[in-house]
> 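Got a structure for you, written out below as structure tokens; questions coming shortly.
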Amino acid sequence: MNREQQDQFDGGRRLPLVEDFYTIQGEGFHTGKAAYFIRLGGCDVGCRWCDAKFTWNPRIYPPRSVDEIVERACGYKAQAIVVTGGEPLLYPLDYLTGRLHERGLEIFLETSGSHPFSGTFDWVCLSPKRRQPPLEEAFGRAHELKVIVESEADFEWAERNAACTRSGCLLYLQPEWSVYERVTPAIVEYVKEHPQWNISVQTHKFMHIP
Ligand code: SF4
């Protein structure tokens with residue numbers, strides 16, 4: 001991050017917020033839990049099938065006060081916060097996670113792991129992307145590896161990433177939403193043959209919630 005950007009984000013006291021909302025975590029290990037989502041703008045990975053392309057350009061999301069974001073989150077009954085994007089690790093996250101922890105909230109991170117870590121998290125969901133693979137440190141931090149499967153060719157990519165995770169990291173295969181019908185049967189068979197993997201589906205899309 002250059003000097004101008006550092007000034008803009010004031011050491012993480014301001015962040016480019018896309019949206020924040022209280023909903024149910026729809027995918028991965030914490031599926032079904034009520035959680036307050038803080039979605040930050042900006043991502044330089046560029047996945048073709050990304051369902052959050054509206055987040056990519058951070059310039060259209062002016063930096064917003066983290067104190068105000070935290071106050072708003074505390075106005076809900078949420079016990080857990082999901083920090084997502086975009087790619088949240090583009091920004092210094094220590095201030096955000098410090099303020100949220102002071103309020104007794106659990107913090108879950110959703111990341112591609114393609115940028116250096118900042119912040120302190122209770123749960124890290126690492127979702128590796130071929131276009132910009134995770135940095136080595138991301139594997140050491142992940143509690144959960146969630147690989148998006150677009151075709152059967154992705155199983156080998158999933159195994160390559162799983163081999164880098166630490167012991168105890170949970171492994172998930174998640175069908176890419178636009179090919180859900182086509183790819184899910186292959187994922188089911190793969191997991192039956194390789195039971196160290198679990199299946200994650202985007203249940204929020206079935207429930208028509210954000
Ligand atoms: S890393 Fe995530 S936010 Fe970024 S392009 Fe890929 S799916 Fe979209």
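Whatever order the structure lists ligands and atoms in, that order sets their numbers, starting from 1.
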> Would you check if the side chain of Glu87 reaches a backbone N or O of His115 as a donor-acceptor pair within less than 3.5 Å?
no

> Under 30°, 30 to 60°, or over 60°: which ring-plane class applies to Tyr91 and Phe9, parallel, tilted or perpendicular?
perpendicular

> Closest approach of Thr97 and Ile107, non-hydrogen atoms and distance?
O-CD1, 3.4 Å

> Taking 2.8 Å as the cut-off, does an N/O/S atom of Cys50 lie below it from atom 4 (Fe) of ligand 1?
no

> Taking CD in Glu137 as the centre, count heavy atoms belonging to other residues, nucleotides or ligands within less than 6.0 Å. Is the count above 12?
yes

> With heavy atoms of Cys43 as the reference, note each atom of ligand 1 found under 4.0 Å away.
1 (S), 3 (S), 4 (Fe), 5 (S)

> Please confirm whether Ala52 comes under 4.0 Å of ligand 1, counting heavy atoms of the residue only.
no

> Spell out, as yes or no, whether a donor-acceptor pair under 3.5 Å connects the side chain of Arg39 to the backbone of Glu19.
no

> For atom 6 (Fe) of ligand 1, what's the nearest protein heavy atom and its distance?
Cys47 SG, 2.3 Å

> How far is atom 2 (Fe) of ligand 1 from its nearest protein heavy atom, and which residue and atom name does that atom have?
Lys129 NZ, 4.0 Å

> Under a 4.0 angstrom heavy-atom cut-off, which atoms of ligand 1 come close to Trp56?
5 (S), 8 (Fe)

